[in-house]
> 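First, the structure itself, so that you have it in front of you.
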Amino acid sequence: MASMPSLRAESAASACILSAAGGAFRAKVFKMAQRLNAPDGGSKKNSTVRVAVRLRPYMNRQDEKGEGPCVRGLDSQNLEIINWRNATETVKYHFDAFHGEQTSQQEVFLSSVKPILPHILNGQNASVFAYGPTGAGKTHTMLGTREQPGVIPRAVREVFNLVNAKDEDEGWDYRIGMSYLEIYNEKVLDLLSPSSQDLPIREDKDKNILIPGLTNTTISSFSDFDKHFVPATLNRTTASTKLNQRSSRSHAILLIKVVRTQRTVPHRQQTGKLYLVDLAGSEDNRRTGNQGIRLKESGAINLSLFALSKVVDALNSATAGRVPYRDSKLTRLLQDSLGGSAHSVMITNIAPEYKYYFDTFTALNFAAKSKLVVNKPFTRETVAVPVLPAKRPREEHEGGGSGSAPHKKKQKDKKSELDGSVSSAHYHSLSEQSVVDRLIALEKMIMSCRDKDEQSVLRDLARSRKEIQELKEKQKEFERTTARLSERAKENSTELPGFKNSAAPLQRNVTNPNKQRAVVQPLQVCNLQPPQLLAVSKQSVCVKEKKKKLSDLVEPPDGKENMENPWGSQLEEAVLDQSKQKILHILNTGSFKELKGLQQIGDKKAKLILGWREIHGHFTKLEELIKVEGMTQKRFSSFMKANILSAVGK
């Protein structure tokens, strides 16, 4: 029995065969994207987010007060935490899985992650992300170590195992690719290409989230993946805080894309994506001791996690009309994982110490809300649909022997009117005779179907021919009207000898000498020779100001700013160097107040310069000021001009 996509392809082709019966055909193909329900899902089309909670062991020793853990597991799905309102009571939670302190990396992967991986090979999406406070073990769960690998290396290895286990006789070719990015201070950075800048996030017509410019590397084995992934992981931004010696300062997202293509016609293509996300942990700056750059990073992390919480609340609310995915780049990228079309698993990492109590309590509440989010997975498939265009009208077919160029052009225009919706697609010829035979057999079957009203088909065909005839008559009338208008234009041109062609009236006839002098006058000012270099004195400053006012009245020849910096050439080289050294000294040693004393430097720029100086040290030259955030080449030139002229005036 033919599969559903192939039947749809043949039905689409047969519609064109009916309209072109009795004519000469030319087979063409275009790709049609469509959504198919999961074949292994049965009648269940929705899928809730699976939530697993992992409790890490004590890092060094138990609490100094000997209070013991604030949370403990009851069984493989339930746990309880002490109620902060009443220490004699506990609050119980139920999740899809609970992993205690002694649970290994292998057990976490087998019970929570491995069951969703086969969906990727069927053209569906899957997502695994680790959530929890800082220092709770999220990165260890996702990455692990060489001896105990985490979820990411185990999941990628399992994907290759699934692909290699497929039988060659199934007739599918598989291609696997990877992309790796981080969200640092609300900037999307490519970890496989560290030199790249902030990347945009886009959405196509099928509601798929895309990142133009993101590196997509094809991998053929797990060793090939490891060769790209390990160096890219070192590019991720990390730092030390009071609670975590190696704290992630960004959200990291690894994308594994599996594309399988059918070898035979109609060449179906299914695309599945696996998102492996290591979220940065929420931080309490009173306990982490963050300052300066660390404080700014912490603010961006907490803000994105707060936007994630709002998205979950909106998805669970029956009255919420809008889900705020666009409030953060993190929620924008996780749009498919929460309330989208992916099979999602969230691993919530918590800590047993009492100093993490409120962070643990908040993480468990968020996990309980996320468990209620419903996704709607479907298969993403592209099918090559054969299409046969409609035949030419009989009168056009009979007159086709003339071979004139205008007649061929008319034929092309009429053909584009008949199948304009198909002309924009990608065509190629059907080379297999078996496909043509199947199409002809399907045509005969449809024509012989009793339910098909033959009279309605004939009426539609007659109506189409009538519309084509009306269009031809309108076109002829339009051509006659155009010919009459062109004749009138020629007659008018003979009566007015001053205009030798139809385009002349649109040109500006310069006859007024005053206007001509007004146009030439600025050109004479522009041709003035540049002034000679003058010594720096009160008199020279006055001369320069007068010349500057005169030059301001003249526009540059090309309408752009003169980038050669003429004001610098009017100063003596010694004075110019002395002014630059003075500015460089203030940038390197000046306090916040002294930096604000510079021209065009406000509170924000002064703080950014102090932060850059704290990380990179002193400026070796003034051009390094461009590396400070928000300082472009144009602003730098304006900054130098204002401060050097200010120093000379003093």
Side-chain angles (χ1 to χ4, degrees), residues 184-187 189 194-198 235 237 239-240 249 290-300 530-549 551-552 556 560-650:
Y184 175 72
N185 283 345
E186 283 300 300
K187 294 181 180 179
L189 305 178
S195 59
S196 63
Q197 301 297 323
D198 186 16
N235 296 329
T237 307
S240 175
R249 314 309 297 165
N290 292 330
Q291 293 180 353
I293 300 299
R294 301 286 88 80
L295 186 63
K296 182 180 179 181
E297 296 169 349
S298 176
Q532 298 179 354
L533 300 179
L534 302 177
V536 179
S537 62
K538 295 182 179 180
Q539 183 177 359
S540 64
V541 171
C542 295
V543 173
K544 285 188 290 183
E545 290 179 353
K546 292 180 180 179
K547 291 182 179 294
K548 182 179 179 182
K549 293 179 180 179
S551 62
D552 290 340
K560 299 180 180 180
E561 293 185 356
N562 189 0
M563 302 303 295
E564 298 179 355
N565 200 5
W567 59 270
S569 62
Q570 298 178 6
L571 300 176
E572 289 185 355
E573 185 176 355
V575 176
L576 190 62
D577 293 341
Q578 183 180 0
S579 301
K580 289 183 178 180
Q581 291 298 328
K582 182 178 179 181
I583 297 173
L584 184 62
H585 177 73
I586 296 176
L587 291 175
N588 287 330
T589 61
S591 61
F592 178 76
K593 185 176 181 181
E594 292 174 343
L595 288 174
K596 286 183 59 179
L598 294 174
Q599 298 291 330
Q600 300 185 3
I601 298 295
D603 293 345
K604 183 177 179 181
K605 287 283 180 58
K607 292 178 181 179
L608 291 175
I609 292 173
L610 288 175
W612 193 93
R613 205 166 69 190
E614 178 184 351
I615 298 175
H616 303 283
H618 288 175
F619 295 90
T620 57
K621 53 183 179 180
L622 288 174
E623 286 73 11
E624 292 184 355
L625 191 60
I626 302 178
K627 299 180 180 179
V628 177
E629 182 180 356
M631 182 64 71
T632 61
Q633 180 66 40
K634 185 176 180 181
R635 292 180 178 177
F636 174 74
S637 301
S638 177
F639 166 79
M640 292 297 299
K641 179 178 179 180
N643 284 279
I644 290 178
L645 293 180
S646 176
V648 171
K650 293 179 180 179

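Given the structure is predicted, the values throughout are model-derived calculations rather than measurements.
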> Would you call R635 and F639 a side-chain contact if the rule is heavy atoms closer than 4.5 Å?
no
> What closest approach, in Å, do K605 and G630 show between heavy atoms, and which atom pair accounts for it?
CE-O, 4.1 Å
> Using 0.5 Å steps for rounding, measure from the OG1 atom of T237 to the OH atom of Y184.
5.5 Å
> From L608 CG over to K627 NZ, what is the distance, rounded to the nearest 0.5 angstrom?
16.0 Å
> Tell me, yes or no, whether the heavy-atom count around Q578 atom CD, taken from other residues, nucleotides or ligands under 6.0 Å, exceeds 12.
no
> Looking only at non-hydrogen atoms, find the nearest pair between K596 and A606 and report the distance.
CG-CB, 4.1 Å
> Please check: side-chain N/O of N643 versus main-chain N/O of Q599, any donor-acceptor pairing under 3.5 Å?
yes
> List the atom of Q633, the atom of I626, and the distance in Å for their closest heavy-atom pair.
OE1-CD1, 3.0 Å
> Can K621 and E624 be counted as an ion pair, charged N to O under 4.0 angstrom?
no
> Taking all non-hydrogen atoms of both residues into account, name the closest pair between L595 and I586 and its distance.
CD2-O, 3.6 Å
> Starting at CD1 of I609, measure out to CD of E629 and round the result to the nearest 0.5 Å.
12.0 Å
> Please find the pair of heavy atoms, one from K607 and one from F592, that lie closest to each other, and give the distance.
CG-CE1, 3.8 Å
> CE of M631 to CD of Q600: how many Å apart, nearest 0.5 Å?
8.0 Å
> To the nearest 0.5 angstrom, please state how far the CG atom of L622 sits from the CE atom of M640.
4.5 Å
> When you measure from the side chain of S298 to the backbone of R294, do you find a donor-acceptor pair of N or O atoms at a distance under 3.5 Å?
no
> Which pair of heavy atoms, one from R613 and one from L587, lies closest together, and at what distance?
NH1-O, 2.5 Å
> Flag the pair E594 / S591 as yes when at least one side-chain heavy-atom distance between them is below 4.5 Å, and no otherwise.
yes
> I'd like to know whether W612 forms a side-chain contact (heavy atoms from CB on, under 4.5 Å) with L625, so could you lay out the CA-CA distance, the side-chain angles of the two residues, the decisive distance to 0.1 Å, and finally the verdict.
CA-CA 9 Å; W612 193 93; L625 191 60; over 6 Å; no
> Can you confirm whether F619 sits close enough to I583 that some side-chain heavy atom of one is under 4.5 Å from a side-chain heavy atom of the other?
no
> Please check if the number of heavy atoms outside H618 that lie under 6.0 Å from its NE2 is greater than 12.
yes
